[in-house]
Amino acid sequence: MSEKIALMIKKQTRMLRDRAKERINKHTNWNLQKPVTSWIAEDRLHDEMGYEFTIIFRTCACSWARSDDAGCTMCGYFNDKGPDSILQSQILDQLQYAISKHLKKLDEIQKEGKKTTIKFFSSGSFLDNEEFRPETRIEIIKQVVNLPSIHNILAETRPEFVKEDSLKSLMAVCNEKPLELGIGMESSNDYVREILINKGFSSQNLKDSIKIAHKCGVLVKTYLLLKPPFLNEKTAIRDAVQSIKDAVTWGADSISLNPVNIQAFTLAELLFNHQKYRSPWIYSVISVFQKALTQEILDRVLILCSPSAAGKERGVHNCHDKACNSTWLKIMNEFISTQNMDIIDPKNLPYEECSCWGEYNLFLERSPI
Amino acid sequence: MSFRLDILAEDGVARLCSLNNKAMEIKVKTPIAVLPIIDYLLDNDHYAYLLKQQNIVYMTSSPDQTIPISQENHLIFQYSKTNYYTSDLRPEPLLPAQVSENTTHFFSKTCPSSMLHDEFAVEWYTQFFQEIIKEIEEEPQKIEKMNGFGVVMNFHDLRNPDILLNLIESFVSNPLIYNNIVALKIDGLFDKKMDYTSSVDTFLRLKKLFPADLLYIASGLILPYEYAFLINLGFDAIDLSYLLHTGYFGLYYRHEEGMEWVRKLHSIEEFACNCEECDVVRELLTEFSVISDIPSFYTNFALHNLRCGLMEIERVRKNIQRGSLSTYLERKSQLSLLLLSALRHIQKNYPSIFNSTQSLNKETSLPCTTPLSYHNPNVEQYRQKLRHNVEPRPNTKICIFLPCSMGKPYSKSKSHRNFIKIIKNAAKKWYKYISEVIITSPLGIVPREIEEVFPAAHYDISVTGDWDAEELQLTSREIVDWIKKLPHNVKIIAYLHGGYQKAFELAMQIIESEEKSTITYSIPSNIDEFSDAIIHSLEELTKQETSGRIGDSLSNEEQSIKMIADFQFGTGAGTALIGSAARFLQSRNDNIKTINGFESHGKLQLGRYLRSSGHITLNYQGGERLSEQPGIAVTLNTADISGTTIFKPGIEHVDEGLCAGDECVILGPNSEYLGVGSLVVRSETYSRMRRGAVVKIRKLKKEGE
Ligand code: SF4
Ligand SMILES: [Zn+2]
Ligand SMILES: [Zn+2]
């Protein structure tokens, strides 16, 4: 693999990041007391259907995106970053804002007898001390752990921040509720991850972090990317299938397959704008599951997929037909909520319902993108 | 195991080849259609039927795709198509573990994002080429077993495709590549219709870097109406994948009109096509009210489009076989601005590639219906040969210019029979001192003696009388050149009217301004004046003493063959061939005249003249007489030859300018005469081919002779 190509990808990503920075710097009227967004929605939990309570904090942004390496080629979370001067107290304000906004709903869920996962996203790493001081993290957990219906806690982080001491200090305040770390593994292939995605960590780094987490009694959820820039649909499916198998072997407790969606100021968007990238087909998501999964895996590992911009041009989609997209997204969701292989058994699927199945098959064999 | 490509014939740059696979005894003739194997469609009867057609090559997208259908009679092109690396950043192997007996493997690497910028593409290709070479070096025995491979070059979205040429040049110059490459698939080069002419330039430059005995496959966003043009550029195969795609996008191919959105077609009447797919749709339309309600309609249209592509390839094949590709192309370009400008582009910028490669050993009709025909390669080649090779009869005393006729050869037409009668009546025994020259467009002029040669007896023009400025200019140029070749004291009579007369008068003006002297000529306005003009001129002549020059003793028929030989082989060939006399024997079917020398009581066969093409084929003795004629020799590196064909390795040199189908003399290493034959490929192709047939032998020196 030519180093020059890797450098070109990095350089292009950096250029786009600089453009994003320029735009963010013009931004003045932040409301740093409010998170980027927060919501409650139905979600598949480890053993049953329940809810997710997601809070996306506005922080000083992902360390990797902030660095000279400029972040990943498909990730536009940087666009949600706050000013570098953001205070830890403001982050706690954001938490308060989200809690008070959703408290009523959490109560209702509790009454329903359902469970909720609380998810901390920051478009970066919850365990990065630059984004969240250790005391801030502990304070956040303390404040949410006893909220109604909260059953477990999920926080996202890059693997280099997974350290025994910080995990132990968090576990101490979790009140026996399971803690899970979401790590963007993307692919088990280093070429795909490090060069095409410009992710900046190796498979070994990831495996090490899973070990540390498990040692501390923390679960690990790995995010896998379906169709990173520069892979065509067919190779992308192959890569995702292999990655799921590897993630299972490496010890992931749950795996979330993320079909790429086009985010602003990313290399993926640049390629998309030049018609050199098409976000993956829903057929491909199903096909990855069909090829990678067995009931045995499903018994051990939770498989998830909650794509952004699904059914739209910039997200996972089939043709332009709304009915077609919704049919297939429904099938996908049903599979996720039931974790039942029968749902995606080719025999049971309505392939002939839409003409785009033919188009897809051609696309798969012939298209360079 | 791959195929071996044999060039069977060429028409200009276009050609007919056969792909031979020894192991499976498969033979496919180009131009071929490359058809993708789509698993999804294999259950479809119509698709399965199309796959059984002849001259089709299957294409699989990756080594892991299996072909569940019978494939005994078909070659398979298989693409490595990967851009995947292992975790330690090593490329995934491009070569498959095993290649079946009828499969050609193509090195291919998708670079979906070369457009990132051209610099990126250059880097990508540098890497790709290195990987190919490395893999071949590491597994030489595999390459041997594969018996040649293909390479896919993707020009998709390069802003400047030329930036790859240097890279490609050094890649091909590696002997491992040069010696083993059998096919080149060119992807995406002709996608951007805005840059079509520069794509043509790139392709012609690219072709120079590769051996000539290579299969060229055109691929990308190309539609059937472009096929003839691309094949004329030298492509041998067309990848039809795009036609399937278009169907699934909802596009319907209509001849000459390109694609049309299916959703805009509503009524049955709009399906002018009679293919089976359209039949199905027409039938279903009685059941469903709108096309889009028919469940299978995308597949129907995809297959209809595919059929259009297959049919077009067949049409192009027929035209190459007949030698009428250029005419076909002119007709096609009347309906497409893209083709029109592309054709003008090559006419204007590449005369040496497209015109001087035209063989005139043809007998097809040549309709000249558009201004494009003024520069039809056959026409250009004719003018070129006439200008360089043919001199007026040396005994010419009177040169009469006449208008052309609809019927060909002219002398068979009513008007010309009449002209000849008048001239003969007026000239009597002096007839042989009169030479007749026919003025016509777009050929310019046709001396009566060579009126049977292609394309003089084969072209056709729709309207006569109205001449445009370009025709006048082209024709007058030819008249000027001919008159300048005439002896000084020749009398000129121009029995012309309309455009002919205009062209002639323009020629006179040109001569006057170029030569700074006036020429006397007469333009009789009716038959009586015409006859009088001849008689008057003769009276003046008979007063002067006519000297007995060499040409004097030759009959008109001898003069004619002499000039035809000059036209075909170059100045002086006629004299060398028939010397002071020859005899002609008419064959029973009237089409063939045997040319005999006077030696051995007129039984020495020199060659045969075919009236239908105006072409001379040489016998052993005829060739011997021409063995010193410049520009028609193939020199071998050994005198030890046998069989019917001479192949590349046995040849030292092929004279420049020889075209496929041309007669040639075969010389040994010391330029000694060995025999005669005809060329399978033109000299330029010979110099760039690695193996294959170059000359078909007609007659060789017999043992002991
Ligand atoms: S994907 Fe994760 S690690 Fe990569 S830039 Fe985005 S937030 Fe940072
Ligand atoms: Zn659809
Ligand atoms: Zn049809």
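Keep in mind the model is a prediction, meaning the values are calculated, not measured. Letters go in sequence order (proteins before strands), and every chain restarts at 1.
Here the straight-line distance linking atom CZ of B/F301 with atom OG of A/S355 works out to 11.5 Å at 0.5 Å rounding. Here the OH atom belonging to A/Y191 is positioned 15.0 Å from the CZ atom belonging to B/R90, to the nearest 0.5 angstrom. A/T235 contributes atom OG1, which lies 8.0 Å from atom CD of B/E92 (distance to the nearest 0.5 angstrom).
The two residues A/E359 and B/F249 have their closest heavy-atom pair at OE2-CE2, 3.6 Å. Nearest heavy-atom pair, B/Y84 versus A/R238, reported as atom, atom and distance to 0.1 Å: CD2-NH2, 3.2 Å. Across all their heavy atoms, B/I38 and A/L362 have their closest contact at CD1-CD2, 3.5 Å. Here the closest non-hydrogen pair linking B/S87 and A/S188 is OG-O, 3.5 Å.
Neither the backbone nor the side chain of A/E353 comes within less than 4.5 Å of any heavy atom of chain B. With a threshold of 4.5 angstrom between heavy atoms, B/T126 does not approach chain A through any atom at all. Neither the backbone nor the side chain of A/S202 has a heavy atom closer than 4.5 Å to any heavy atom of chain B.
Within a 6.0 Å sphere centred on NZ of A/K11, heavy atoms belonging to other residues, nucleotides or ligands number 12 at most. Counting non-hydrogen atoms of other residues, nucleotides and ligands closer than 6.0 Å to OH of B/Y227 gives a total above 12. Heavy-atom neighbours of B/Y49 OH from other residues, nucleotides or ligands within 6.0 Å: at or below the threshold of 12.
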Residue pair A/F230, B/F120: steps toward the ring-ring contact (aromatic ring centres under 6.0 Å, His included) verdict = CA-CA 12 Å; A/F230 302 100; B/F120 188 93; 5.6 Å; yes

